[in-house]
Protein chains: 2
Amino acid sequence: MKVKEVADLVGISVRTLHHYDEIGLLRPETTEAGYRMYSERDLETLQQILFFKELGFSLKEIQKILEDPAFDRKEALELQRKMLVEKRSHVDHMITTIDKTIKQMLGEIEMTNKEKFEGMNFDHNPYEEEARRRWGDEKVDESNNKIKGMSKEDKKKLSEEWDGIYTRLAKLRHGSPDSAEAQEAIHEWYEFLNHFGQYSYEAFRGLGQMYVDDERFTKNIDNYGEGLAIFMRDAMAVYAD
Amino acid sequence: MKVKEVADLVGISVRTLHHYDEIGLLRPETTEAGYRMYSERDLETLQQILFFKELGFSLKEIQKILEDPAFDRKEALELQRKMLVEKRSHVDHMITTIDKTIKQMLGEIEMTNKEKFEGMNFDHNPYEEEARRRWGDEKVDESNNKIKGMSKEDKKKLSEEWDGIYTRLAKLRHGSPDSAEAQEAIHEWYEFLNHFGQYSYEAFRGLGQMYVDDERFTKNIDNYGEGLAIFMRDAMAVYAD
DNA sequence: CATTGACCCTCACGTTGCGTTATATCCTAT
DNA sequence: ATAGGATATAACGCAACGTGAGGGTCAATG
């Protein structure tokens, strides 16, 4: 398929396809005349690109993800689905804010200024974090905008807090994931994470699962104590219920 | 409230607030020292701005809307709500596409290339059209990207088609809105509109209501025949059922 | 009163992701 | 051969800020 056909099929511009080729994001084969010829495989890649793009990833980030050796299309689709579900609930949240605002205008309710802007800030989708961890930067503190702006001292404090929570959980790992102590520590972990993103309980549960599914995380977490990743997954699941 | 307080409350940057001031979109009072002081009214305006922005309007467009003498905050909130509901169903559509894609990968279903990109193209929200009509340009052909690229001849053809449908409906207006003839003509109107936007039946119904609610549209439509706006609203509602 | 740290200002260059226009070549039907 | 549609590259421009520089203001504290 040539550019116009793809552009019309997909609903993007020829210029966009050129641009993606130029930056190496989606490089089709070319004919002898220099025409771009897109394959079925290219269309699949394009679908991935457009899903990630819709979810707010920059083209650079998308490229990084697609080039990661660990990238798996089915996994990506499943993650993208989760992100879209989250996005949908975010839209719901905005609708709720509008409903409340209208009621406030009619004098039916009171509303704080803070409430008027709820749902407005979607700069951190928890599954975006997951995508970055899975296929991008492993170090959360390097990929998080809020952390980037922090002073060294604040970063140190943050690191210690993180460390403290993990250490505490490591001590509790031989016990039951639904014990009061464990749940208290997990609560703190949830609060900690919510400084940087808006985690729904579902997303929190999913993150715990990822600690176990993804070897890189299991390995890092289990540095605090053998089996901690599994323990955290279970405790997080209890917490999310 | 000064800039940082507003920025923190709302979740945007100080730079953004500066920018909005510079372009005249949101101009707060200033102190003698030159500091920006935001009022409650400014926060309400900011909420509007951010809702429209979330819905894909450019800052220029938003400015135009907010400056329109006919702008009404409650109306805006209600319209924004409708747009968010539409956006949500668009997200749903994308989720459906992902589900299908996964099934196709597993060999459970077949899928055309076209189907793989369904939901991907959200470049024309029907309620966006409504906002533009209500507070922006009244002439649809001047605000619609697809029409902009057309030749004079094509525009003329379009205008005649539009005219023809309206004239036909005017002849039918003394009859019943649910008659076969009326419904056939409304179907053509629906198809006509769908050349330029993706109208759900709900959006189509809402548009008909707007013909009656908004005096400017009633007036224009009733030039074709007294009472046509009401007739069209009713016929469009029947069609949407 | 002086100092300090947080916050404020303006200015201006840079970034991202294309849209748009110009110019030239390729392809296919007539 | 011609014409019209499609393709290519090149390159300027734009929207909406992000970022850094340099300087002023404010309020608490010593």
Side-chain angles (χ1 to χ4, degrees), chain A residues 1-38 46 49-50 52-64 120-123 144-154, chain B residues 1-38 42 46 49-50 52-65 120-124 144-151 153-154:
Chain A
M1 290 169 75
K2 281 177 284 190
V3 281
K4 189 171 192 294
E5 195 178 348
V6 173
D8 287 345
L9 172 73
V10 173
I12 59 177
S13 67
V14 167
R15 178 76 186 90
T16 303
L17 290 168
H18 285 183
H19 182 64
Y20 292 170
D21 188 2
E22 281 157 28
I23 64 174
L25 181 59
L26 178 62
R27 319 210 71 159
E29 299 290 325
T30 52
T31 65
E32 287 194 2
Y35 284 21
R36 295 171 176 83
M37 293 300 299
Y38 291 86
L46 185 55
I49 290 167
L50 294 178
F52 278 120
K53 188 177 168 222
E54 175 68 26
L55 291 162
F57 287 77
S58 69
L59 299 185
K60 199 176 217 177
E61 286 172 325
I62 295 170
Q63 190 167 3
K64 202 167 178 182
M120 213 60 91
N121 180 6
F122 195 56
D123 57 0
N144 190 293
N145 287 334
K146 280 194 181 176
I147 296 181
K148 272 178 191 166
M150 289 170 97
S151 65
K152 277 193 180 177
E153 204 174 296
D154 284 342
Chain B
M1 289 170 79
K2 282 178 285 193
V3 283
K4 188 171 192 294
E5 196 178 347
V6 173
D8 287 346
L9 172 73
V10 172
I12 58 177
S13 66
V14 167
R15 180 73 186 90
T16 302
L17 290 168
H18 284 183
H19 183 65
Y20 291 171
D21 188 3
E22 281 157 26
I23 65 174
L25 181 58
L26 178 61
R27 319 211 68 161
E29 299 291 328
T30 50
T31 65
E32 288 195 4
Y35 285 19
R36 294 171 176 83
M37 293 300 300
Y38 292 86
D42 289 329
L46 185 55
I49 291 168
L50 295 178
F52 278 120
K53 187 175 171 223
E54 176 69 27
L55 292 162
F57 288 77
S58 68
L59 297 186
K60 200 175 215 177
E61 285 172 325
I62 294 171
Q63 189 165 4
K64 203 168 178 181
I65 289 173
M120 213 57 95
N121 179 6
F122 195 55
D123 58 358
H124 201 68
N144 190 295
N145 286 335
K146 279 192 182 177
I147 294 180
K148 273 180 192 165
M150 290 169 100
S151 64
E153 204 175 296
D154 284 343

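A note on names: the letters A, B, ... follow the listed sequences, proteins ahead of strands, and every chain is numbered from 1. Quick caveat, the model's predicted, so the values are computed rather than measured.
Atom OH in B:Y38 sits about 7 Å away from atom P in C:dC9, given to the nearest Å. Atom CD in A:E61 sits about 11 Å away from atom P in C:dT16, given to the nearest Å. Spacing between atom CG of B:L17 and atom P of D:dG18 amounts to 10 Å, rounded to whole angstrom units. If you take OH of A:Y20 and C1' of C:dC18, they are 9 Å apart, rounded to a whole angstrom. Here the P atom of nucleotide D:dA6 and the CD atom of A:E5 are 12 Å apart, to the nearest Å. Whole-Å rounding puts the A:D21 CG to D:dA10 P distance at 12 Å. Distance B:M37 CE to D:dT25 P: 17 Å, rounded to the nearest Å. A:H19 places its NE2 atom 15 Å from the C1' atom of C:dT20, with the value rounded to the nearest Å.
At a cut-off of 3.5 angstrom, the base of D:dT19 holds at least one donor-acceptor pair with the side chain of B:R15.
Among the nucleotides C:dT10, C:dC18, C:dC8, the one closest to any side-chain atom of A:L59 is C:dC18. The side chain of A:K4 sits closest to D:dA6 out of D:dA6, C:dT10, D:dT9. With D:dC17, C:dC9, C:dG19 as the choices, the nucleotide that has an atom nearest any side-chain atom of B:K53 turns out to be D:dC17.
Heavy atoms from other residues, nucleotides or ligands lying under 6.0 Å from CD of A:E29 number 12 at most.
Residue-to-nucleotide proximity on DNA chain D shows that, of B:K2 and B:T16, the 5′-proximal contact is made by B:T16. When each of A:I23 and A:Y35 is assigned the nucleotide of DNA chain C with its nearest heavy atom, A:I23 is the one assigned upstream, toward the 5' end.
Within 4.0 Å of A:T31, counting heavy atoms only, lies no atom of the nucleic acid at all. Nucleic acid contact class of A:V3 (heavy atoms, under 4.0 Å, all strands): sugar-phosphate only.
Scanning all heavy atoms of the two residues, the minimum distance from B:I49 to B:L25 falls at CD1-CG, 3.7 Å. Contact between B:M1 and B:L9 at its shortest, heavy atoms only, is CE-CD2, 3.8 Å.
Distance CD/A:E5 to NZ/A:K2: 8.5 Å, rounded to 0.5 Å.
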### Task
Please lay out, stage by stage, how B:R36 and B:V6 fare under the test side chain to side chain contact (heavy atoms under 4.5 Å, CB included).
CA-CA 10 Å; B:R36 294 171 176 83; B:V6 173; over 6 Å; no
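An OP1 or OP2 oxygen of C:dC8 is reached within less than 4.0 angstrom by no side-chain nitrogen or oxygen of B:R36. Regarding contacts with the backbone of D:dA8, a side-chain N or O of A:H18 is found under 4.0 angstrom from either OP1 or OP2.
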